[in-house]
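The analysis underlying the following values was restricted to heavy atoms, covering all of them including side chains, and did not include hydrogens, waters or symmetry mates. Start at 1 and go down the list; that is how both ligands and their atoms are numbered.
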Amino acid sequence: MCGIVGYIGSKQAEPFLMEGLSKLEYRGYDSAGIAVFNGEKIVVEKSVGRLNALREKIKGHIPQGNIGIGHTRWATHGCPSDVNSHPHVDCHGEFAVVHNGIIENYLELRKELMARGHHFASETDTEVVAHLLEECYQGDFAVAVRAVLKRIRGSYALVFLAKAHPDMLICTKKDNPLVIGIGQGENFIASDIPAIINHSKESYILNDGEMAIVRADGVEFYQTVSGEKFDKEIFTINWSAEAAEKNGYEHFMLKEIHEQPKAIRDTLSGRLDITNNRVVLNELNWSLTDLQNFHRIFIVACGTAYHAGLVGKYYIEKLARIPVEVDIASEFRYRQPIVDEHTLVIVVSQSGETSDTLAALKEMNRLGATTLAITNVVSSSIAREAQKVIYTMAGPEIAVASTKAYTTQLIVVLLLALYLAGLKQTIEPTEMEKILCHLRDLPEKIDMLFAQTETIEKLASHFKDKNDAFFIGRSLDYAVALEGSLKLKEISYIHAEAYAAGELKHGTLALIVPGTPVIALATQRHIHEKTISNIKEVKARQADVLAIVPRDNTSIEQVVDHVFYIPETVDLLAPILTVIPLQLFAYYMAVARGCDVDKPRNLAKSVTVE
Ligand code: F6R
């Protein structure tokens with residue numbers, strides 16, 4: 001949700017600002033802007049549209065200077081337009097600011113400031129920050145920033161540039177991420193690691209309530225409330241620069257789909273102990289007594305991560321026999337869940353920054369629950385807030401549509417369920433062994449699926465002009481159907497609904513007419529016949545049915561119109577294979593419909609607003 005960058009050093013600021021923003025476009029891409037101090041004044045350039053529009057606009061008169069800030073926007077307050085784009089400035093162009101988040105009390109502040117004669121150029125919440133800074137400034141930049149922070153409420157990552165202080169940028173944050181990349185005679189600020197990874201692997205991760213004064217030759221840290229100076233540990237980034245590039249793939253999404261075998265291998269690494277028939281999760285170190293303290297588990301997440309949670313419920317209840325409830329984070333925190341010291345709350349988040357999930361986690365910590373985060377980003381806000389963390393090892397996920405993060409989340413929830421089951425001895429050793437061996441072989445099976453990509457492309461070309469689609473399945477297949485339908489919706493803009501196959505007949509079957517696309521998942525053997533009956537129900541209404549089934553289930557060919565086979569595995573692992581053709585299906589549908597796969601309309605990655 002909005003990408004922000006800053007540069008100070010001996011080089012020109014603009015190249016880093018534009019490159020950094022291009023790496024952060026997944027966080028928002030409805031408009032962009034930069035502000036550079038050119039030795040005389042702060043030059044601001046902004047444009048509605050993608051970063052390319054800004055690139056075109058500044059061609060031939062690129063702002064020159066060694067210090068600057070930039071922003072790529074996902075509109076919250078005020079429509080996407082040139083004036084609403086960041087950076088925002090005060091009345092006299094003395095200060096420029098970029099912001100990610102929401103200033104909740106901006107209306108009252110705006111009214112006050114206008115009454116005192118300030119002129120507002122935009123409809124944004126952010127502009128009040130620039131005008132407040134103008135009022136609070138009495139010669140000391142840092143003191144003025146701290147005074148502004150006392151006046152604003154809400155969530156923010158902010159970077160400030162002041163004409164009178166061309167040797168420093170000031171940045172601060174609350175509930176939105178900020179990272180500072182350490183260079184040689186230059187320093188970089190960004191909302192996320194991909195923006196700085198080409199320039200530095202050494203970084204500082206800012207915490208809430210901290211402020212940094214960033215100069216070309218060093219960074220100083222202060223507590224925003226007390227003003228007390230402190231030292232911060234350097235954080236070494238372990239992602240490679242190439243991991244944040246497309247490497248020859250047409251889209252990040254396609255690249256990330258193909259990275260799943262490696263992401264899964266990396267996530268399993270060191271955690272599968274086949275010799276001793278157990279799962280190793282050193283992150284937890286729980287004893288049986290610790291487990292007995294958990295009377296129930298909540299899994300809390302949003303979007304795709306929530307879908308991973310639904311699979312997690314199934315795994316934990318089946319294998320470890322602990323009751324699990326799965327909640328959407330934005331609902332959970334406001335529904336007064338019954339949580340106490342006997343509750344384990346697991347939050348799942350790729351980015352580790354999702355506002356709803358983070359807020360739910362904070363609330364659960366306050367209520368005395370044990371909290372565990374499953375996240376992909378080391379040192380993210382969620383990783384730091386949770387009492388325990390298990391990392392997925394997916395590497396950077398840039399495409400807005402989540403793919404490898406989801407499959408690695410499934411791996412972790414399964415490892416967790418097996419770990420709990422091992423401790424509680426609710427699983428037979430032979431069953432454990434079978435699952436562990438199949439888990440080890442999973443990456444190879446995903447590679448086998450890629451060999452059938454052409455089939456998916458043909459199916460996408462067959463279905464591409466449809467406006468609606470249904471995804472059905474029972475049990476684990478239903479959880480995966482939800483993810484398949486979300487993938488299709490978000491990148492191809494086809495209305496898609498996922499239904500528990502047995503539930504269709506309770507109303508929604510009315511929507512099945514001749515030619516309606518139905519993607520039916522039938523991988524779970526214990527309810528196979530029931531699912532087939534449900535498929536027959538939609539076939540009887542002449543739906544155009546694609547079934548995704550295990551390789552040995554050839555009899556399905558007599559029932560449906562199209563079949564896609566997944567390699568043989570245990571039923572519990574089928575979701576991790578089934579979702580791959582669904583991801584590819586959504587991808588090729590989007591490509592066939594001419595959609596912008598990596599930057600779908602209205603969306604952005606890392607949703608840091610409520
Ligand atoms: C969909 C997608 C979103 C995210 C959701 C949570 O493809 O990416 O639904 O899964 O916004 O994000 P994280 O996992 O970062 O908390």
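Taking the ring centroids of His307 and Tyr406, they lie at or beyond the 6.0 Å cut-off. Ring centroids of Phe298 and Phe332 are separated by less than 6.0 Å, placing the two rings close together. The distance between the ring centers of His99 and Tyr106 does not fall below 6.0 angstrom.
Sorted by first then second residue, the salt bridge (charged side-chain N to carboxylate O under 4.0 Å, His left out) pairs that include residues 387-398, not counting sequence neighbours, are Glu397-Lys605.
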Do any nitrogen or oxygen atoms of ligand 1 lie under 3.5 Å from a protein nitrogen or oxygen, and which ones?
| from | atom 1 | to | atom 2 | distance (Å) |
| --- | --- | --- | --- | --- |
| ligand 1 | 7 (O) | Thr304 | OG1 | 3.3 |
| ligand 1 | 7 (O) | Ser402 | N | 2.9 |
| ligand 1 | 7 (O) | Lys487 | NZ | 3.0 |
| ligand 1 | 7 (O) | Glu490 | OE1 | 3.2 |
| ligand 1 | 7 (O) | Glu490 | OE2 | 2.5 |
| ligand 1 | 8 (O) | Val400 | O | 3.2 |
| ligand 1 | 9 (O) | Thr304 | N | 3.2 |
| ligand 1 | 10 (O) | Thr304 | N | 3.1 |
| ligand 1 | 12 (O) | Thr354 | OG1 | 3.4 |
| ligand 1 | 14 (O) | Gln350 | N | 2.6 |
| ligand 1 | 15 (O) | Ser351 | N | 2.9 |
| ligand 1 | 15 (O) | Ser351 | OG | 2.6 |
| ligand 1 | 15 (O) | Thr354 | OG1 | 3.3 |
| ligand 1 | 16 (O) | Ser349 | OG | 2.6 |
| ligand 1 | 16 (O) | Thr354 | OG1 | 2.5 |

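The pair Lys232-Glu210 meets the salt-bridge criterion, with a side-chain N (NZ, NE, NH1 or NH2) lying under 4.0 Å from an Asp/Glu carboxylate O.
Under the side-chain hydrogen bond (donor to acceptor under 3.5 Å, both in side chains) test applied with Thr304, the options Gln350, Gln409, Lys487 reduce to a single match, Lys487.
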